[in-house]
Amino acid sequence: MTAINVYNQRPADIAGQSPLHHAGFEQLIGKGRPNAGVRLRERKLLGHLTLRGDAKDPAFCGGVHQALGLELPVALGLVAKGETSLQWMGPDEWLLIVPRGEEYATELRLREALAGQHIQVVNVSGGQTILELKGDKVRDMLMKSTSYDVHPDNFPVGKAVGTVFAKSQLVIRHTAENTWELLVRRSFADYIWLWLQDACAEYGLAIEA
Amino acid sequence: MLNIFCPHCGELRSEEEFSPAGQAHIARPLNPEACSDEEWGEYLFFRDSPRGLRHELWLHASGCRKYFNATRHTVSYEILETYKIGEQPAFTEAAGKKSAAQGVSA
Amino acid sequence: MSQVNRLSRGGRVDRSQPLTFTFNGQRYQGFAGDTLAAALLANGVDVVGRSFKYSRPRGIVAAGAEEPNAVIQLGSREATQVPNVRATQQALYDGLVASSTNGWPNVDTDLMGLVGKVGGQMMPPGFYYKTFMFPQSMWPTYEKYIRKAAGLGRAPTENDPDSYDLINRHCDVLVIGAGPAGLAAALAAARSGARVILADEQEEFGGSLLDTRETLNGKPAAEWIEQVLAELKTFPEVLLLPRATVNGYHDHNFLTIHERCTDHLGETAPLGAFAHKPVRQRLHRVRAKRVVLAVGAHERPLVFANNDVPGNMLAGAVSTYVRRYGVAPGKQLVLATNNDYAYRTVLDWLDAGLQVVAVADARSNPRGAWVEEARSRGVRILTGSSVVEVRGSKRVKAARIAAIDTRSHRVTSPGEWLECDLVASSGGYSPVVHLASHLGGKPTWREDILAFVPGDGLGLQARVCAGAVNGVFALGTVIADGYSAGSKAATDAGFKAVNGKLPRAEERREEATLALFHVPHDKPTARAPKQFVDLQNDVTAAGIELATREGFESVEHVKRYTALGFGTDQGKLGNINGLAIAARSLGISIPQMGTTMFRPNYTPVSFGAIAGRNCGPLFDAKRFTALHAWHVKNGALFEDVGQWKRPWYFPKPGEDLHSAVARECLAVRSSVGLLDASTLGKIDIQGPDAREFLNRVYTNAWTKLDVGKARYGLMCKEDGMVFDDGVTACLADNHFLMTTTTGGAARVLQWLELYHQTEWPELKVYFTSVTDHWATLTLSGPNSRKLLAEVTDIDLDKDRFPFMTWQEGKVAGVPARVFRISFTGELSYEVNIQADYAMGVLEKLAEAGKKYNLTPYGTETMHVLRAEKGFIIVGQETDSTVTPDDLNMGWCVGRTKPFSWIGWRGMNREDARREGRKQLVGLRTVDPNQVLPEGTQLVFDPKQPKPMQMAGHVTSSYQSASLGHSVALALVKGGLSKLGQKVYAPCRDGRLIEAEIVSSVFYDPKGDRQNI
C-alpha cells in the first residue's frame, strides 16, 4: 500500500486547451493599437505544483534544494532558474512552475528527496495559468485593479503577492522591469481577461505570441 | 478600510484581502462531552463585545490563507498588534488604553 | 442684455473665448474660465432656485463648495442628467444646459409660493418628526409632494454614456487643498523625496491666492502659484490632482478622492485618441501614510432678517467674483461684518469702480489696516451696527442698518434704510473641519478665533493641519504653517525634511473678530421676518429657538428636529450660527453645546464614480468551467450558482423548461445523460493524519475506508447543524480527495484550515484546492457503462469496479480518475480529467454517445433526479437549523467515534434532540399534477383559525416525468412519525393543496439501479 497516489495526469500526445483557449489569442497577435502601453501573452499549459512543508525544518529546505537546485524563497519571494520558478505562497506553501510536461517527473524527484517527511505535493497545472504583461502602462493598469501598492519601492522585481484583483483574487508576480505576471485560476480567467481588456483600453493592449 | 499587518506576509494589507472570523482565543473544549449544555452553549454562542480592546481572529483570505489574531480597539478601530496563532497578545485592556491614545499605529 | 454684470477687465477668465449655455431654457453667454455661477451672475440672473420649505426665491450666495442655493440639474438629454451639481463648482463649457432643481413649475412663478406660503404653515420645524411619523400610511403622499417640491434633483432614466473608474493609490503624504498652505506643504513634502499627492477641488490650484489682493514677494500672488507648480512638476513622485475633491477620510488613513476628469469639457467625455472615450470621473482610493489637511475655512454669513433674498452674498464670494471672474454681482454694495478681513471686499469693489453704500461693523471702534484704507477712500463705516433687515423679494432693494448691543442681543436704534442691491456679509471664518471629523474626532472650540478647529483626532487620523483650517489666517504665517506641516508629515512618513525659502507676504494690522452670529431684531425672533441659518434646508433662527423650547437640548437632536446641516449641505454655512443660536437660547456656551459630526461625503459623489468599472459585464466575477464553450454550442441556458455559470437545461427547438427537463430526466433514467460537475469543490488532502482529520470534521467514520473506495460524508458546525456534504475518496493511505458542494468549496477549505491552524496544528495534514485543476464529467444512466467502455481502458466490470469505488485509467486517451458515485440513483461514473484536456474527452464521449442518445443535462434535471431519490441539497433542504437526524440521515452519524467530532456535542443538546423537530419527509400531492410551490408553509389543519400553526415548509418540489406525479421534499414537525398523514399547503394564490406525508425516497427505494 502506498502512502500517496502520484499520477501522471497529462497525456503526452494530445493538445490541451489552456484556460484562455477560447479567447483566440493567436488571431489577435499583431492587431490592436501600435505602441500599446500593455503587451500580453499567456504562458500556457506549464506544469504547476503546489508544495507544502515545514520551512523551519532544514531537511525540508535541503530536500527542496536537492530536488530543484533552488533555495526556498522567504515571505513574498520568487526565485527562478531557467524555466523553473519557485514562489512563496504562505508560510508552509510554495508554488513551483516547471516547463510543460515536467510536473510529473518533478513531483517524483521532490518526493524522493523529501522521503519520510510530512509534505504535500499537488499537481494543479490544469487549474491555473499565467498571463505575462509588459509595457510602461502595466503599473497604471494594475493600480486600477488591485489595492496593493505596485510602486517598485514596495513591489520590486522578485516579489510575488497574493491579493485582491478587480472582484476576484490572484497572485501578482514582478518578474523583471516593466514585466509582471498574473497567476489566474482557470475558472476566473475569462473574467480577468475581460477586465484586462477594459482596464487597458486607454493605454492600448497588444497580444504577443 | 482598515490596514492590517499580516504577521505571515510581514506587511500591511488592505482590509479587503481579509475575512474576520470572530473573537480570538476561544478554545474548543478538550472534552466536549464533559460540558454541560450551559457550558457548551457558552462556548458556542456567547462572545464579548467590549467598548475597548478586542482580540479578534482574522484570515488573510486572498493572501497567504493563514489565520492570525489582531488586537483592535472597537471605538477607534486602531489595530494595536497582530500576532500568530498560539501567541499571546502584548496589549490587553489595561495596557491598551495608554497606547490607544498615542496615535495611529499599523 | 449680455453679461450685464461683466467687468471690462480683470479676472482670470478668457474674454476672447465666449461660451454659450442655457439655464432654465434661456440662452446666455459666458467666458472660458467661468464657473456656471460666475456666468449666471455675469448675466444678472438673480434667482437660481426656490427654497426647500418656504419656496422663497434664492440666488447665488457663495463661490465654492459651500453654496447652498445654486444646486442645479445638469444635462441636455435624458442620458446625461446629473443632479445636485453646485453651479459654483461647475466649470462652464460651450453648450452647457442647466436648470434649477428647486422651484416647480419654474423659479420665477412658483406655484407653491402663489398658493400662499404653503411651507410656512404646513412645515414647521420638526415636520419630519411630527408629520411623517404618523400616520405611516400618509408617507407616500407626503413624499411625492415634497420630493417634487424640494428639488432633490433626479437621476437619469437612461444609461449613462460615459465611463467611470476607480484607481488605487498609495502615497507618503496626501495634501488636501492647494491654497497657500497646501502648496507650501506639498513643496516641503516633495523636496523631502516623499511620494506626494496634491488634490484640490477647484478648476485650478491656488485656492484663496486666486482672488487675493495681497502680494507675495511684492508681486501678485498668482505668480507664486506658477513657481510652486513648476517645481512640483519636476518631482516624478508627485501627483497633482485638480478638480479632485477629497470627500471621505476613512479608517487607517484611507481617503477617497472624487476626480472630475472631463466634467469641464462637456456633458459627456469627448472622444480621445484611437476613438477611445476617456474616463469622465475617477474615484481615487488612497492609502496615505500621512495627510496634510490644508482645506481652509468657510466664511460664515450673518443671520439677519430676510438674509436669503437674492443679492445677499458672502463677502468673500463677492471678492472672488470680482477678482477671479471679472463679475460684479450688483452695483451698490452694503457690507455687514464683525471682522477686518471682510473689508477686502469693499476695497475690491472700489477697485472695480463700483459704489460702496456703507459698511456696518458690529465692533465699536475698528482700526485695522484695511478698515483704515476703506475709511481713507471715503467709505461710510457705521460702527457698533449691523444690517438687521433687508427688503426686496427677488432682489435686495434696501438694507436697514441699526445700532446693536451684542451682549443683551438687542437693537438699540431704529437705524436707517439704505438703498442697495447687494448685501455682503461676513460673520467670521469657520475652519473646514469636515474631513477631520469623519472618523468621529471632535472639533475643538477656540474662543480667540470664534471657531471650531480639528481636534487631535484621538489618534484616528495620521494627519497634520495647516493654514486656515488650523485657525491660522495671515498669509505669511499660513505659508509658513503649510511648509512646516508638509515637513512634519514627510518626517513622520520616514523622510528627511529640507528647508526652503518662503515668499514674503506683507504685514498688516488686523483686529479681533467680534462674536456675532445672530443679529438681533426689534421684534422677537419668532415674529421678526425670517432669519435664515441653513439656506439649503430652510432652517431659521426661530426654528432653532423653537426646537430648544420644545426640549431638544442636545446638538444632535436639534439638528434632526430642524434639519440643520442635513443632506448634501453638511452644515457648511449654517452649522456654527445654528449652534450659537441654540446655545444662547439654552443659556450655555458654544463649546458646551458642542458640534454635530460631519459625515462623508463632503460633497455629492456620482454613483458612476463609486461603481467604477464594476458594472455591466464586469459587475461581478464570473466563473466558467473548461467545458463552457461546448455547453454554449449545444444550446444550454445558464444558471448562476454563486459566481459559476452552470448549464441550467439544454432546450431543443420549441422546448420550454418543463418539456426540456422532462426529456432530459427520461433520457437519464432510460439510457444515459451527461452532466458537467466540474464546479463541485475538490480538495486534495495529504498527510499521515488525514484520516483522523476526516474523522473529526465529518459526522461519519473514516477509519476503515480502504484505498480505492469512496464514501459520502456530512459536515456539521459545532452546533450540530449540517453545513456541507460530499463524497471523499481514499486515493492512497495518506491521501484523500474530498468533494464539497459547488457553493461550499471556499468555505469548506477555510473551515478545514481554521481547525487545522487554530485547534489541531499537531495533526500532520495539508489541504490544497484542486477544484480548478480537475474537470468532472458525470455519465449517468443504465447505458453509462456501455458508453464509457467504448472510450476507456479501465475494466468496468461491476465486481471489479463496484459502486462507491474509483479507478485510474485512460478515458479518450487522457489519464483520468473515474469515481463510481451517483447523485441520480442510476448507474453513474464521474470522470475527472485535468481541465486542459477535458474538452477533447467530452467531444469523444459525445460522439460515442450518439447511439445511446447521450443527453446533456443541466442543474434543473439534476435537481429533479436527486429529489426523486430523496437526496438532499445543502442550502435547499438545510438552512443551518437542521441536524443529520432531522434529515433522517442518522445512518451517516458515527455515534461511537472516539474523538468528539465537530457537531457531535452540538447535536446532543437538549434542543437538538427534542421531540417535534422538523424532519425531512416526502410529500405526494393528492392531485398528482399539482406541484407545491417551493417554500410554501404547511399546516396540519387547514380549518383552524388564523394565525395558523405552521407544521413545516416545502424545501424542494418538481414534476417528475419518470414517476408521472409531482414529488416534493419538506421539513415537517415530527414528520417521520406522521407517514401516511395529510398536510395542507395554503398557497398565496388561494389554492389549498392537500398532500400525503411519505418517505423522501420516491424512486428505486432499494437503490438497485445505482448498484448494478
Side-chain angles (χ1 to χ4, degrees), chain A residues 1-11 13-19 21-22 33 44-45 48 50 52-53 92-93 118-128 140 143-151 153-154 166-168 185-192 194-195 198-199 201-202 204, chain C residues 165-170 195 272 274 276 278-279 285 287 612-614 617-626 628-629 643-644 678-679 684 686-688 707 731-735 764-775 808 810 813-817 833-840:
Chain A
M1 184 182 282
T2 54
I4 301 292
N5 173 306
V6 186
Y7 187 39
N8 188 357
Q9 294 148 24
R10 193 192 295 271
D13 45 355
I14 295 177
Q17 293 188 351
S18 79
H21 175 81
H22 306 286
R33 200 191 291 190
K44 60 187 179 187
L45 300 173
H48 294 237
T50 289
R52 310 288 297 268
D92 58 4
E93 180 174 351
H118 166 46
I119 58 152
Q120 184 185 35
V121 183
V122 186
N123 180 3
V124 292
S125 309
Q128 50 201 35
D140 295 75
M143 285 163 69
K144 290 192 200 176
S145 314
T146 178
S147 62
Y148 189 75
D149 183 5
V150 294
H151 190 286
D153 288 352
N154 183 64
K167 288 211 177 169
S168 170
R185 279 180 74 172
R186 168 178 283 274
S187 54
F188 287 101
D190 284 273
Y191 166 72
I192 295 294
L194 190 65
W195 177 272
D198 185 85
E202 64 182 294
Chain C
D165 80 5
L166 308 176
I167 194 157
N168 300 285
R169 295 199 183 274
H170 300 259
R195 289 163 72 184
F274 302 98
H276 177 71
V279 169
R285 307 165 81 238
R287 184 77 69 178
R613 300 303 301 141
N614 298 307
L618 293 168
F619 177 70
D620 195 10
K622 294 187 184 89
R623 302 179 71 180
F624 301 95
T625 75
H628 189 79
Q643 291 173 320
W644 286 101
S678 305
T679 60
D684 186 287
Q686 298 179 19
V707 175
L731 299 182
D733 210 32
N734 295 344
H735 194 180
K764 290 183 170 173
V765 59
Y766 288 115
F767 314 96
T768 293
S769 169
V770 286
T771 302
D772 283 52
H773 173 71
W774 296 104
E808 275 170 4
K810 288 197 169 170
V814 178
R817 285 202 185 110
I833 292 160
Q834 180 169 333
D836 302 315
Y837 303 94
M839 186 65 91

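First the proteins, then the strands, lettered A, B, ... as listed; each starts at 1.
Pairing each heavy atom of C:Thr768 with each of A:Arg52, the nearest pair is OG1-NH1, 3.6 Å. When every heavy atom of A:Tyr7 is checked against every heavy atom of C:Arg817, the shortest pair comes out as CB-NH2, 3.8 Å. In this structure, C:Gln643 and A:Lys167 approach most closely via the heavy-atom pair NE2-O, 4.2 Å. Taking both residues in full, the closest heavy atoms of C:Ala835 and A:Gly126 are given as CB-O, 3.6 Å, listed atom of the first, atom of the second, then distance. Shown here for C:His773 and A:Val124, the closest heavy-atom pair between the two residues is ND1-C, 3.3 Å. Closest heavy-atom contact between A:Asp92 and C:Tyr766: OD2-CE2, 3.7 Å.
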Could you give me the CA-CA distance, side-chain angles and deciding distance for C:Arg169 and A:Met143, then say whether side-chain contact (heavy atoms from CB on, under 4.5 Å) is met? CA-CA 7 Å; C:Arg169 295 199 183 274; A:Met143 285 163 69; 3.1 Å; yes

Start with the C-alpha distance between A:Asn5 and C:Glu808, add both sets of side-chain angles, then the distance that settles side-chain contact (heavy atoms from CB on, under 4.5 Å), and finish with yes or no. CA-CA 10 Å; A:Asn5 173 306; C:Glu808 275 170 4; 2.7 Å; yes

Evaluate A:Arg186 against C:Asp836 for salt bridge (charged side-chain N to carboxylate O under 4.0 Å, His left out), listing each step before the verdict. CA-CA 9 Å; A:Arg186 168 178 283 274; C:Asp836 302 315; 2.4 Å; yes

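Only the backbone of C:Ala816 comes within contact range of chain A, judged by heavy atoms closer than 4.5 Å. For A:Asn8, the part lying under 4.5 angstrom from a heavy atom of chain C is the backbone only. Residue C:Arg287 does not touch chain A at all, counting heavy-atom pairs closer than 4.5 Å. Heavy atoms closer than 4.5 Å to chain A are found in the side chain of C:Thr771, but not in its backbone. Proximity to chain C (any heavy atom under 4.5 Å) is shown, for A:Val6, by neither the backbone nor the side chain. Of the two parts of A:Ile119, only the backbone, made up of N, CA, C and O, holds a non-hydrogen atom closer than 4.5 Å to a non-hydrogen atom of chain C. Only the side chain of A:Asp198 comes within less than 4.5 Å of a heavy atom of chain C; its backbone N, CA, C and O stay farther away. For chain A, the nearby part of C:Asp165 is the side chain; its heavy atoms alone come within less than 4.5 Å.
If you tally non-hydrogen atom pairs under 4.5 Å between each of A:Asp190, A:Asp13, A:Ile192, A:Asp153 and chain C, the highest count goes to A:Asp190. By number of non-hydrogen pairs under 4.5 angstrom with chain C, the leading residue of A:Ile14, A:Asn123, A:Leu194 is A:Asn123. The residue among C:Leu618, C:Leu731, C:Ile833 with the most heavy atom pairs within less than 4.5 Å of chain A is C:Leu618. Put simply, of C:His735, C:His628, C:Gln686, C:Gln834, the one with the most heavy-atom pairs under 4.5 Å next to chain A is C:Gln686. By number of non-hydrogen pairs under 4.5 angstrom with chain C, the leading residue of A:Pro11, A:Gly53, A:Gly16, A:Ala201 is A:Pro11. Heavy-atom pairs under 4.5 Å with chain C were tallied for A:Ser18, A:Ser168, A:Ala15, A:Ser125; the largest tally goes to A:Ser125. In terms of heavy-atom pairs under 4.5 angstrom with chain A, the leader among C:Ala626, C:Ser678, C:Ala838 is C:Ala626.
The aromatic ring centroids of C:Phe624 and A:His22 lie 6.0 Å or more from each other.
The distance from atom OG1 of A:Thr50 to atom CZ of C:Phe767, rounded to the nearest 0.5 Å, is 14.5 Å. Rounded to the nearest 0.5 Å, atoms CE (C:Met839) and CD (A:Gln17) are 5.0 Å apart. Here CZ of C:Arg623 is found 4.0 Å from CZ of A:Phe188. Values are rounded to the nearest 0.5 Å.
C:Asn168 places a side-chain N or O within 3.5 Å of a backbone atom of A:Thr146 that can act as its donor or acceptor partner. The backbone N or O of C:Arg195 sits nowhere less than 3.5 Å from a side-chain atom of A:His151 that would complete a donor-acceptor pair. For A:His118 (side chain) and C:Gly687 (main-chain N/O), no donor-acceptor pair under 3.5 Å exists by modelled atom type. A:Gln9 contributes no side-chain N or O that, together with a main-chain N or O of C:Val814, makes up a donor-acceptor pair within less than 3.5 Å.
C:Asp772 and A:Ser187 form a side-chain donor-acceptor contact under 3.5 Å, judged by distance and modelled atom types alone.
Between A:Arg10 and C:Pro815, the closest side-chain pair of non-hydrogen atoms is not below 4.5 Å. Looking only at side-chain heavy atoms (C-beta outward), A:Val122 and C:Val770 come within less than 4.5 Å of each other. The closest side-chain heavy-atom distance from A:Tyr148 to C:His170 is not below 4.5 Å.
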